[in-house]
Number of protein chains: 4
Amino acid sequence: MPKKSTKLAKPSAEGGDHPSATRGEMPASNRAARALERRAAIVEAAMEEFIARGFAATRLDDIAKRAGVAKGTIYLHFKDKESMFEELVRIVIVPVVARLTALPPPTGSVRDLIEAFAGNFLKEVIGTRRGDLVRLIVAEGPRFPAVADFYYREVVSRGIAAMRGLIELGIARGEIRQKDLARYPQILVAPAMIAVIWQSLFARHAPLDAQDMLRVHLDLIFGERRTT
Amino acid sequence: MPKKSTKLAKPSAEGGDHPSATRGEMPASNRAARALERRAAIVEAAMEEFIARGFAATRLDDIAKRAGVAKGTIYLHFKDKESMFEELVRIVIVPVVARLTALPPPTGSVRDLIEAFAGNFLKEVIGTRRGDLVRLIVAEGPRFPAVADFYYREVVSRGIAAMRGLIELGIARGEIRQKDLARYPQILVAPAMIAVIWQSLFARHAPLDAQDMLRVHLDLIFGERRTT
Amino acid sequence: MPKKSTKLAKPSAEGGDHPSATRGEMPASNRAARALERRAAIVEAAMEEFIARGFAATRLDDIAKRAGVAKGTIYLHFKDKESMFEELVRIVIVPVVARLTALPPPTGSVRDLIEAFAGNFLKEVIGTRRGDLVRLIVAEGPRFPAVADFYYREVVSRGIAAMRGLIELGIARGEIRQKDLARYPQILVAPAMIAVIWQSLFARHAPLDAQDMLRVHLDLIFGERRTT
Amino acid sequence: MPKKSTKLAKPSAEGGDHPSATRGEMPASNRAARALERRAAIVEAAMEEFIARGFAATRLDDIAKRAGVAKGTIYLHFKDKESMFEELVRIVIVPVVARLTALPPPTGSVRDLIEAFAGNFLKEVIGTRRGDLVRLIVAEGPRFPAVADFYYREVVSRGIAAMRGLIELGIARGEIRQKDLARYPQILVAPAMIAVIWQSLFARHAPLDAQDMLRVHLDLIFGERRTT
DNA sequence: AATGAATGAGAATTCATTCAT
DNA sequence: CATGAATGAATTCTCATTCAT
């Protein structure tokens, strides 16, 4: 089925940024570019389906349909359903980690830093597809040790370490009173994680103002801010 | 595993004494009692399997085997796999809620109350089958709105309400400084939830001293305790 | 697991020998008997299909259809296609070997013995389903070492040994001149094997009077018979 | 593996010299010669694969890989898998028949002739790829009537006729006693065929000295040779 | 001519559900 | 009531064949 789309060909012409262009416009693009597009479409579709149904209940057929490719095409990119799932998590998480790792230079107060961080998290994770991915990992982790390992190694342990660094800095600067907090950076991120899960599960029962909640939580840790 | 065999016993006799002597717990066990036992065995087995594999990947065959009944027997108690799952969550959660609802009379400080509560939670939920059930609900909730609804209604909303009550009491008594906390009781329970998830997913990567973490968190909310 | 076995119970009633009864006629037969019937039907059908198409080209669907069972039923009896094939060969060959092993008492001349044997072979193997099975083993042997091993162990090595015994007896009694023949019993059976293969492959090109050919071959070995 | 790349060379030039210098065998190799080479490589590879796995289990992908061509290239030479198989048998067998047909002039005794023949067969067929081809034909014959027909017509019937001629000559010259043998030349070749099959299937269980066996067999037919 | 990515029909296998015993 | 053999729809994965480059 000719699904050409030049997306990345001559990036000079028509900004190649809107990746979900409805396709079909440009007959030029080459094979490799197409393959990449297809792969991206598969990844996108698979993520969508896995999030919506979980690993076991997701049908490759549906992924293929959603990605606009034939079933067999999936197997040109992934060995089987399991490794597709495992690779998927990597593929989606790596760039997120990369972006977060490229932290802004630590200027200003620790609280400001953490607030910036939380703001980012709020915008990029809570209530987004990325947040659903976190829930998916929580859901499937026990059956996919490789995924849990990867997630722990790349995200959790790094995140914990970074938070611990910030907490210690906060303590050193006198912004944070409670010294024990450095032993459990989990406490710092717990409400954010809960917000992620809440949005996935209970948003429709009781919407949660995650931003406000995180502010309250930071007040708890740093002391209430004197309203400027 | 109960492999009774009254099957060929004269059904008239009905007395479950002689042939099925293998089980000794219930002296005058009659049909109804047996049925209840079976049902309980099925519930127990199903919970184990669902927790271990998730809904979709769980085989009724395995549940039957584990429960020591025939596959068909399951259908005498549950309409199908889906409703079995939904009922299961109810069946398992209701008594827990019942017990928690029968709160101890609120004597002593709020912190003591909450600590008692946390201690309970620690013992009864974190790192136990019950904790896994929470993870299971997080995992399957999106595909089982009925489950998410039920869980929200029976557990989450009540828990939040109860916590809010305690927080307000704490504020009124001057134990808790930060008044905004009453708006987000989630913050109070977040570390406990995180502990539940952590034990399921990352215990083997980095063990977590949940008890200590919860103490630190309470110190954060109530102020550090002057070490008696 | 209640595997009652009335199967062999009253063997007096209703002769249980016609296993391929078109089913449905006799409402009496019990579960176990039915299961055996089904199994036999599957074996029969599978043999038919494997012989006709070879292992790889045979569809389980067709076997099921021919056996009059559902696809899933096959898996109640055999682990998968491969082990079905391997077991099949055993199942079909064992009784044949058993019958041949129960040799008639070696009275009369060696030639008479071998002729009796050849007659049997002619009737029971050449040009029959059993002969086709031999061709099937030749065809699939290299891909099914287990089958080749089994066939060598149970049929070939025994057959060779038996033939060698007869040849040595014939030499001792002066019926066979050429002593070297005892080293290659294969020579004795070669024409019979060729006849088997010929019937499978070339019967329609040029029919072969296997009986006469075997007689000529025996004349070659024992000397021409003076027509009594 | 020939991975030439004239693909982008100016098709006008046609000279296979500069860009595709990788292969040195054929000084002025032009398109047609290359095509023939490829075809030969495909035939060779296909034969290997078909012999190793049988028709149905052989993947075109593997043939292509082994032949060092792309999958699509196979379709430039053969209509589809089936006709490839049928043509293959022809392609491989024809030259063998041609060589055998160009018999050495019948000088010397019939036994010498047949021995020469057997020696040839021993060297060129038994235990070689060619022998495996015979087994392949036995295996696939029933599913490929065209192959069986061809093989019967070109090889079997001719071989039988030739053998009959030799036998009759042997009878006429008094070398062979048993006149009936002329009716069943199959008897003459049976041990050779058995040797072919034995090497394919049972060589690892019990090696067979085919040469010695054939000698014994000829002794049986011609009388034991007085050891010169 | 040659390539190999893409296709999708087809085959093996699984498992929830039914029902005769 | 209980059983578990039987069913067949559904799902994953393979591979011959096509066709744009």
Side-chain angles (χ1 to χ4, degrees), chain A residues 1-4 27 29-32 34-35 38 56-62 64 69-82, chain B residues 3-8 11 14 31-32 34-35 38 56-64 69-77 79-82 84, chain C residues 1-4 27 29-32 34-35 38 56-62 64 69-77 79-82 84, chain D residues 2-8 11 31-32 34-35 38 56-64 69-77 79-82 84:
Chain A
M1 230 144 277
K3 289 245 164 118
K4 70 271 97 102
S29 95
N30 54 45
R31 285 249 263 275
R34 298 258 201 82
R38 275 167 198 280
T58 290
R59 290 184 295 267
L60 289 197
D61 240 350
D62 289 343
V69 302
K71 238 180 318 168
T73 304
I74 293 177
Y75 289 87
L76 297 177
H77 294 273
F78 301 96
K79 183 175 152 291
D80 58 15
K81 198 183 169 189
E82 285 210 5
Chain B
K3 287 246 163 119
K4 76 283 78 76
S5 56
T6 346
K7 199 171 69 183
L8 296 179
E14 175 152 44
R31 284 229 198 118
R34 296 254 202 79
R38 276 168 199 282
T58 290
R59 290 185 293 270
L60 288 198
D61 239 343
D62 290 342
I63 293 177
V69 303
K71 232 187 318 177
T73 305
I74 294 176
Y75 286 86
L76 299 174
H77 294 272
K79 178 173 156 292
D80 59 17
K81 199 186 172 190
E82 287 212 3
M84 172 163 61
Chain C
M1 232 139 280
K3 283 249 165 113
K4 69 269 104 67
S29 92
N30 54 44
R31 284 249 264 277
R34 296 255 202 82
R38 275 167 197 280
T58 290
R59 290 184 295 269
L60 288 197
D61 239 349
D62 289 344
V69 303
K71 240 181 315 170
T73 304
I74 293 176
Y75 288 87
L76 297 176
H77 295 274
K79 182 176 152 290
D80 58 17
K81 198 184 170 190
E82 285 210 5
M84 173 161 62
Chain D
K3 288 248 165 112
K4 77 284 78 73
S5 53
T6 344
K7 200 169 66 184
L8 296 179
R31 284 231 199 119
R34 295 256 203 77
R38 276 167 197 283
T58 290
R59 290 186 293 270
L60 288 198
D61 239 343
D62 289 343
I63 293 176
V69 302
K71 231 184 324 172
T73 305
I74 293 176
Y75 286 86
L76 298 176
H77 293 272
K79 179 172 155 290
D80 59 16
K81 198 185 172 191
E82 288 211 2
M84 173 163 61

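Excluded from the calculations below are hydrogen atoms, water molecules and symmetry mates; all remaining heavy atoms, backbone and side chain alike, are included. Model, not experiment: these values are computed from the prediction.
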Self-check item: N or O in side chain of C/R38 less than 4.0 angstrom from F/dA5 OP1/OP2
Solution: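 Answer no for this pair, as no side-chain N or O of C/R38 is under 4.0 Å from OP1 or OP2.
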Quiz item: OP1 or OP2 of E/dA2 less than 4.0 angstrom from a side-chain nitrogen or oxygen of D/R34, does that happen here?
Solution: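 Looking at the OP1 and OP2 atoms of E/dA2, neither is under 4.0 Å from any side-chain N or O of D/R34.
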Quiz item: Reading nucleotides 8-13 of chain F from the 5' end, what letters show protein touch, with B for base, S for backbone sugar-phosphate only, - for no heavy atom under 4.0 Å?
Solution: B-BSSB
Exercise. Please name all residues satisfying side chain to side chain contact (heavy atoms under 4.5 Å, CB included) with D/A57, sequence neighbours left out, ordered by chain then number.
Key: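 For D/A57 the side chain to side chain contact (heavy atoms under 4.5 Å, CB included) partners, ignoring immediate neighbours, are C/A56, D/R53.
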Contacts under 3.5 angstrom, residues 69-79 of chain A side chains, donor-acceptor by atom type, not counting sequence neighbours:
{"unit_1": "A/T73", "atom_1": "OG1", "unit_2": "A/A70", "atom_2": "O", "d": "3.4"}

Quiz prompt | Nucleotide E/dC15, atom P - distance to CD1 of B/I74 in whole Å | solution =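 Whole-Å distance recorded here is 14 Å.
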Practice problem: Grab the CE-P distance between D/M84 and F/dC15 for me, whole Å please. | Solution: 14 Å
Quiz item: Does DNA chain F take part in any stems of at least 3 consecutive Watson-Crick or G-U pairs (both distances under 3.5 Å), and if so, which ones?
Solution: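 Stems for DNA chain F, defined as runs of 3 or more consecutive pairs: E:2-21 with F:2-21.
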Self-check item: Which residue lies more 5' along DNA chain E, comparing D/L76 with A/H77 via nearest heavy atoms
Solution: D/L76
Exercise. Grab the two heavy atoms, one from D/K81 and one from D/L60, that are nearest each other, plus how far apart they are.
Key: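 In terms of heavy atoms, the two residues are closest at CG-CD2, 3.9 Å.
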Practice problem: Can you sort out the partners of A/D62 under salt bridge (charged side-chain N to carboxylate O under 4.0 Å, His left out), two or more places apart, ordered by chain and number? | Solution: A/R59
Quiz item: Quick one: side chain to side chain donor-acceptor pair (under 3.5 Å) partners of B/D61, sequence neighbours excluded?
Solution: none
